[in-house]
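See structure below.
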Amino acid sequence: MQPITILSRRRSTRLAALFAACALCAVPVPILHAETGDSAGLKTVDQDVQALKKQLIDLNRDLFKLEEELLYPASTQVAVFLSVDVGTFFALDSVTLKVDDKEVANYLYTEREVQALHRGGVQKLYLGNLKAGEHEITAFFTGKGPHERDYRRGTTLKVEKAVGAKYVELRISDREASLQPEFVVRQWE
Amino acid sequence: MAAALAVLASLPAFAAPPALDSAAPDFALKGIDGRNLRLSEFRGEPVILHFWASWCGPCRESATSLDRFGAATVTPVVGVNLDGTVGRAAAVAQSLQLQSPTLVDSQQVVARAYDVARLPLTLLIDADGTIRAAWSGIAPNLAELDPHLQRLRQD
């Protein structure tokens with residue numbers, strides 16, 4: 001799940017830094033401008049640095065995408081996302097995710113993260129590989145329910161993994177009629 | 001005592017704390033006040049990370065002195081308590097009158113990530129999340145810590 005993503009980003013960053021270092025070595029023009037000391041030259045240096053930074057960011061993004069495609073090919077890829085809709089009746093504390101009864105993600109939410117989810121953010125909770133066939137995805141949510149009571153709820157979804165990426169969304173919403181939170185699991189194709 | 005032995009048993013025997021200039025592993029833990037806190041949310045300013053337990057004498061001293069140092073220098077100090085239970089950690093933090101957040105690493109997950117072999121372990125982490133100074137097995141000398149912090153603030 002997430003540790004793999006973090007490692008991937010680090011590796012990408014290292015690679016990107018290496019490319020950037022090579023690129024810097026290959027661009028002697030800004031140094032010449034700096035030596036002349038005139039303001040036009042400095043402006044050019046600044047523009048060159050900004051352009052280089054943009055290239056670095058683009059390169060980093062491309063490497064990250066490439067790495068993700070290699071580690072999680074579309075044929076086996078499964079991604080689980082989490083979103084919160086309103087959330088008046090439930091204050092999220094943590095989510096534990098199991099795939100085929102094996103824990104693959106356990107995430108503790110800080111206040112800032114909960115606020116980000118309330119503002120419409122969608123979190124990629126898990127990214128992994130599954131072979132074709134039937135699988136069971138279970139999510140356990142903990143937090144504070146109505147009347148500030150500790151609340152723990154589990155929800156399960158059976159998914160049929162075919163050839164092609166599978167996306168699953170865990171959505172926490174409010175059930176106004178019963179004044180209770182609702183936990184919905186749905187698949188995207 | 002049992003808790004102390006359990007913590008010691010769970011720690012790697014010959015581990016060393018994370019190397020200087022390496023990235024501080026990110027983590028999220030529950031605090032004694034019930035709030036969750038993630039280390040990476042302190043990015044943008046230097047932070048002092050302090051691993052401690054109530055059964056370790058120097059830890060209690062350093063927890064108190066770092067708490068005061070943090071308040072005086074407006075530096076976030078994050079304590080990670082390894083006692084194992086929120087109740088125990090909260091009672092000790094209260095008795096020491098700690099104002100800085102105290103997180104509870106009940107499963108020693110974070111302690112393992114940081115290879116905590118000796119207590120107390122104090123790490124000075126810069127604004128980018130890189131470990132810049134470490135004190136393992138001894139309470140940090142505040143006179144030594146202060147210039148480190150000033151340098152980080154100037155960078």
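Each chain gets a letter, A, B and so on, in the order its sequence line appears, and its residues count up from 1.
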Under 4.5 Å between side-chain heavy atoms, hopping through other hydrophobics if needed: is there a path connecting A:Leu157 to A:Val104?
yes
Are A:Val95 and A:Val168 linked, directly or through other ILVMFWY residues, by side chains that come within less than 4.5 angstrom of each other?
yes
Inspect the surroundings of [atom1] in [X] and state if more than 12 heavy atoms from other residues, nucleotides or ligands are less than 6.0 Å away.
X: A:Glu148; atom1: CD; result: no
X: B:Gln94; atom1: CD; result: no
X: B:Gln97; atom1: CD; result: no

Run through the side-chain heavy atoms of Ile, Leu, Val, Met, Phe, Trp and Tyr, join any pair under 4.5 Å, and report what else lands in B:Ile138's cluster.
B:Ile48, B:Leu66, B:Phe69, B:Val77, B:Leu124, B:Trp135, B:Leu142, B:Leu145, B:Leu149, B:Leu152
Sort by residue number and list every member of residues 32-45 of chain B having a non-hydrogen atom under 4.5 Å from chain A.
B:Arg35, B:Asn36, B:Leu37, B:Arg38, B:Glu41
